Amino acid sequence: MAIKIPATLIPGDGIGPEIVDAALAAFDALGTPFEWERQDAGLAGVKSAGDPLPPAALDSIRRTRLALKGPLETPSGGGYRSSNVRLREEFQLYANLRPARTIIPGGRFDKIDLIVVRENLEGLYIGHELYIPIGNDPRGVAMATGVNTRHGSLRLLEFAFDHAVKVGRKKVAIVHKANIMKALTGLFLETGLELYERKYKGKFELETVIIDACAMKLVLNPWQFDMLVTTNLFGDILSDLVAGLVGGLGMAPGANIGADAAIFEAVHGSAPDIAGKGIANPTALLLAAGMMLDHCKLTEEAARLRKAIDDTLNIDKVRTGDLGGTANTAAFTKALVSRIQNG
Ligand code: NAI
């Protein structure tokens, strides 16, 4: 009997369960060996267990170290912290991997194939913020502290450089703002340059680019880049910019990878405006499912899934409404499953 791979499945909120169903249908058609532990989180977690990140969900991920996750809504009020941020911290998911590849040709930017690697735990995202009152204005001054560590920078850069070698990228750009934030992003840049000289020289070309110039270059000529690696806030902004180059968040998958687990998800949110209507586009989550297969070294299945997605969208021209098509989620999933089964 084939070995089973235990994995946590969090359908999440809004359109989450609808797109997760599409991913499960694809996994079934591919004959993948996952043994799913289904868990609630987000609003679904509050409803079933009074917590947007119930202990059962955390325990499951602690056991399986592997999860596919739908979007999670953070309940407003009640002082809840974002479940996504909590997951990153809990499992030290320090690397956010966001590949962007043109799937439907003919958009504003064609033939894009770029990877953004973002540091996920440090920088200006740590949330150390405060106001200082001036006169009778309680918010006269706002302050935020950013923290980058050599250890945190090094493990992220090592992950990015290893990934570049693994997937055969020719060029990596370290994106920074060390001309102004000399300590905060200078440390990241310095660590990257030193690591490259010590361990990766000759394996790919390394360049450095300042964040503002990088944003302009990405819009003028995105093909000049192959992989971008950067700190938390810059990575957050650039990965959405790059998703825009390939048709928006509906086509953007992401992986949060760390020392203790790997969690795969679509980049978009729970789309409450279309939830329950059965019209959501499952492509981003399906691409994340492909990344999960690669992570588990099921590379043949991952390639079959990606080809089936391409063929369904481009040969069969079965597309959901957000892509200008008329298919609902079920019709798209049916066409995809048929492509997986029949080639
Ligand atoms: P959103 O990404 O959910 O929606 C933005 C727009 O894109 C909406 O018009 C939506 O209908 C459309 N859209 C998104 N995904 C789609 C898909 N697969 N197919 C077709 N159309 C799609 O962003 P929004 O409205 O800002 O956030 C909604 C909720 O999701 C919030 O509570 C937010 O906190 C949460 N969220 C969760 C994320 C996660 O768990 N990783 C990431 C982003 C947001």
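No experiment lies behind these values; they were computed from the predicted model shown. Just follow the structure's listing: the first ligand is 1, and inside any ligand the first atom is 1.
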> Of the protein's non-hydrogen atoms, which lies at the shortest distance from atom 21 (N) of ligand 1, and what is that distance?
Replying inline: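 So the nearest neighbour among protein heavy atoms is Ile274 CD1, 3.6 Å.
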N or O pair under 3.5 Å between [X] and ligand 1:
| X | answer |
| --- | --- |
| Asn84 | yes |
| Ala280 | no |
| Ile15 | no |
| Asp273 | yes |
| Ala271 | yes |

>> Once you measure the plane-to-plane angle for Phe27 and Trp36, does it fall in the parallel (<30°), tilted (30-60°) or perpendicular (>60°) bin?
In response: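 Rings of Phe27 and Trp36: tilted, as their planes differ by 30° to 60°.
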>> Heavy-atom contact check, 4.0 Å cutoff: does Leu285 meet ligand 1?
In response: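 For ligand 1, residue contact (heavy atoms, under 4.0 Å) with Leu285 is absent.
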> Any non-hydrogen atom of Ala284 lying under 4.0 Å from ligand 1?
Replying inline: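 No; Ala284 lies far enough from ligand 1 that no heavy-atom distance drops under 4.0 Å.
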Taking only heavy atoms of [X], which atoms of ligand 1 are found under 4.0 Å from at least one of them?
| X | answer |
| --- | --- |
| Leu72 | 35 (C), 36 (N), 37 (C), 39 (C), 40 (O) |
| Ser270 | 3 (O), 28 (C), 29 (C), 30 (O) |
| Glu265 | 41 (N) |
| Asn281 | 17 (C), 18 (N), 19 (N), 20 (C) |

Protein non-hydrogen atom found under 4.0 Å from [atom]:
| atom | result |
| --- | --- |
| atom 33 (C) of ligand 1 | no |
| atom 5 (C) of ligand 1 | no |
| atom 11 (O) of ligand 1 | yes |

